[in-house]
Protein chains: 2
Amino acid sequence: MKIICSQSELKNNLSLVSRAVPGRPTHPILANVLLVADSEKNTVTLTGFDLSLGMRTSFAAEVEQEGNITIPAKLFNDIVTRLPEGEITISFDPDDLDDNPLVAIESMYGKFQLRGVSGEEFPELPTVEKEEALMLPVTSLSEGLKGSLFAASNDEAKQVLTGIHLTRNLDTLEFAATDGHRLAVVKTTDEKEASEDGDGNSEDNTDDISISEEQNFTMTIPARALRELEKILTLAKEEDNVALYVDDGQVVFELGLQNLTSRKLDGAYPNYNQLIPTAFDRTMVVERKRLIESLERVSVLLDQKNNMVKFSIDADNGQLFLSVEANELGNAKESISAEITGDNFEIGFNIRYLMDGLKALSSNDITFHFNGPIQPVIVTPLSGLQMTYLIMPVKL
Amino acid sequence: MKIICSQSELKNNLSLVSRAVPGRPTHPILANVLLVADSEKNTVTLTGFDLSLGMRTSFAAEVEQEGNITIPAKLFNDIVTRLPEGEITISFDPDDLDDNPLVAIESMYGKFQLRGVSGEEFPELPTVEKEEALMLPVTSLSEGLKGSLFAASNDEAKQVLTGIHLTRNLDTLEFAATDGHRLAVVKTTDEKEASEDGDGNSEDNTDDISISEEQNFTMTIPARALRELEKILTLAKEEDNVALYVDDGQVVFELGLQNLTSRKLDGAYPNYNQLIPTAFDRTMVVERKRLIESLERVSVLLDQKNNMVKFSIDADNGQLFLSVEANELGNAKESISAEITGDNFEIGFNIRYLMDGLKALSSNDITFHFNGPIQPVIVTPLSGLQMTYLIMPVKL
């Protein structure tokens with residue numbers, strides 16, 4: 001095998017697939033990336049795979065001799081990142097009968113040799129049989145992920161709650177995540193306007209993201225995989241679409257030459273819609289950034305036991321008072337003007353859960369919807385994205 | 001006590017003195033900063049002290065009622081950093097007979113209350129009796145510290161080696177540091193040109209930094225204190241001078257309203273000058289940055305046991321070859337062009353010790369001076385600062 005490629009192309013693609021390489025691999029070869037050189041297409045394809053999440057990406061290269069090999073991902077990454085810009089040659093001797101041939105990585109300054117492992121030993125990425133792709137606009141996907149990923153559970157024991165629940169129903173795609181303490185739901189709609197900005201073929205573009213009932217689905221995808229998808233999306237253009245292929249066990253997202261495969265999570269997802277109250281006794285509109293800044297300040301004096309911030313809602317004067325109390329150390333109190341309906345009222349929150357939601361919301365002003373002091377609270381943006389954040393209060 | 005001051009002034013001064021506040025204080029009050037409000041001068045003075053290193057700084061404030069108090073440094077810092085720009089009021093009721101009064105910190109948005117401890121309980125900073133100050137130019141001090149601090153030992157058991165040895169001899173100030181594996185020596189000279197840039201009173205200025213034999217000294221100051229001094233110096237102007245007061249046990253550095261006190265280290269410092277060879281069989285001039293970059297690359301494949309990089313010096317072709325070998329993983333080799341005198345030669349270095357020295361040197365080109373492969377090697381800059389870096393080779 002012998003390829004010549006640009007350092008920056010190799011660096012960017014390698015850092016991408018390296019995200020799927022597990023830190024503590026269950027099998028040694030999973031700590032490697034698979035490199036496949038195709039002399040017909042003159043491309044190099046890199047793959048990282050942890051048996052659940054797989055990432056694959058291709059880029060153009062001069063392939064003098066085709067072949068495949070796996071290389072320790074971390075070392076390979078560390079070396080390529082430090083190499084000077086310009087041409088890099090990667091090669092090994094296919095007549096080397098050793099299963100672990102020395103792979104040479106050469107730049108203008110010198111030569112690294114890394115012990116590789118034959119590509120035959122690398123597990124195959126699962127494929128999805130279904131031929132038909134569902135086209136999802138990059139903007140909808142990004143918004144949905146930003147508004148939900150933070151609320152998924154990090155506790156592997158919670159199984160299906162470590163994922164994002166996706167529901168496609170005609171032209172809406174709904175993202176939901178909950179860890180049992182809070183729930184975030186985002187509804188995105190395929191924006192047809194996007195296609196009209198294009199080359200005038202709005203008919204064709206609309207076909208691309210055409211909706212049929214057969215394409216409706218619900219499924220739960222590990223948040224870990226979707227966090228990586230979110231990073232890939234930051235590299236895409238707003239008007240791009242992501243192709244989604246689904247079968248019983250797997251999903252595949254494709255954006256250009258980048259490809260992310262993930263297993264789906266089994267098990268019934270909680271019926272979260274029934275948890276969201278629809279009628280409220282009180283509402284409060286506040287400026288989101290101002291509230292975040294106040295919470296960041298008072299959190300310095302948070303009681304480490306319950307992380308609680310108290311909201312004292314003064315409807316008469318249109319003021320929200322935030323206070324925290326760290327018994328031994330001191331206390332803090334700030335006030336923010338707010339538009340309040342309903343009577344005066346006190347309620348407590350876990351400041352961390354509250355902050356997570358406030359940061360994921362994107363509008364300038366947000367509305368809190370309250371019933372009693374121990375009933376679920378709903379936070380929604382005043383405009384823009386359709387997001388619902390449900391948070392359980394803490395007893396005062 | 002009641003003072004009104006600017007958030008940014010308070011923040012900057014507090015973050016400075018907080019550096020002297022120990023992470024694990026031997027006595028609880030040392031985790032606090034002392035705040036003294038002087039209504040005559042309308043200044044606030046902050047002090048942090050870990051019994052070895054003390055930092056004190058003053059700034060202008062509106063002192064409505066004088067007084068003093070100590071406040072937990074970390075919380076105080078965390079709060080002040082987050083407060084909005086503008087006026088901050090700090091106060092407590094002196095009639096509060098509690099030894100731990102609640103200190104109020106108020107901004108336009110709200111009020112924090114922190115439990116303080118009476119200022120009477122804070123230990124006095126040691127004073128230096130000697131009235132006469134030695135004026136040291138900021139540039140000499142900065143250069144001397146940059147070229148030596150990295151080589152001091154971090155091992156508290158090594159006592160005097162955890163310090164920088166300072167020798168003042170007429171118009172030169174010499175900085176030396178060693179941890180037993182390498183030695184860095186910097187000689188700085190009072191630059192009289194600096195004073196001529198001033199207001200024309202070069203006579204007067206020369207008097208300011210006048211030198212008398214009585215002011216000669218040798219002493220060892222903890223590197224920890226001098227690292228903090230180095231940070232203070234980054235805030236100074238190049239033409240500033242630092243006043244140094246010395247007595248038997250203490251040193252005090254003064255720059256404007258900032259004041260750093262440190263105990264001196266007891267014990268005889270090694271007679272390092274006799275370790276530095278003066279005659280060499282071989283020399284090699286290389287580009288410093290290029291060598292650092294190569295070392296950073298090959299260090300990816302460093303053997304974790306001995307951290308060794310091998311220099312193969314090819315005098316015939318004017319090339320330096322660097323190589324590392326990580327048995328199981330692979331190897332790396334780079335080459336750099338060099339001006340070499342003497343014959344071909346191989347020598348090994350601990351890459352970390354080598355890098356530390358290369359980074360502290362500031363010239364574009366540097367000279368390596370060699371004798372045999374197990375004899376001390378000297379690295380010096382080709383121009384600029386008078387620095388000598390001695391490093392012991394590693395056996396190949």
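Every chain is numbered from 1 and lettered A, B, ... according to where its sequence line falls, protein lines coming before strand lines.
When the side-chain contact (heavy atoms from CB on, under 4.5 Å) test is applied to B/A61, the partners found at least two apart in sequence or on another chain are B/C5, B/V44. In this structure, the side-chain contact (heavy atoms from CB on, under 4.5 Å) partners of A/P123, at least two apart in sequence or on a different chain, are A/I29, A/L30, A/F49, A/L51.
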Write out the donor-acceptor pairs between chain A and chain B under 3.5 angstrom, atom names and distance to 0.1.
residue	atom	partner	partner atom	Å
A/R82	O	B/R297	NH1	3.4
A/R82	NE	B/E296	O	3.3
A/Y109	O	B/S335	N	3.1
A/K111	N	B/K333	O	2.8
A/K111	O	B/K333	N	2.9
A/Q113	N	B/N331	O	2.7
A/Q113	O	B/N331	N	2.8
A/Q113	NE2	B/N331	OD1	3.2
A/R115	N	B/L329	O	2.8
A/E296	O	B/R82	NE	3.3
A/R297	NH1	B/R82	O	3.3
A/L329	O	B/R115	N	2.8
A/N331	N	B/Q113	O	2.8
A/N331	O	B/Q113	N	2.7
A/N331	OD1	B/Q113	NE2	3.2
A/K333	N	B/K111	O	2.9
A/K333	O	B/K111	N	2.8
A/S335	N	B/Y109	O	3.1

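For residues 307-335 of chain A, the pairs satisfying ring pair (Phe, Tyr, Trp, His ring centres under 6.0 Å) are A/F311-A/F349, A/F311-A/F368, with sequence neighbours left out.
Summarising the geometry of B/F112 relative to A/L301, their closest heavy-atom pair is CD2-CD1, 3.8 Å, with the distance given to 0.1 Å.
Heavy-atom distances place no part of A/I105 under 4.5 Å from chain B, backbone and side chain included.
Note: A/L114 leads A/L114, A/I336, A/V324 in heavy-atom pairs under 4.5 Å with chain B.
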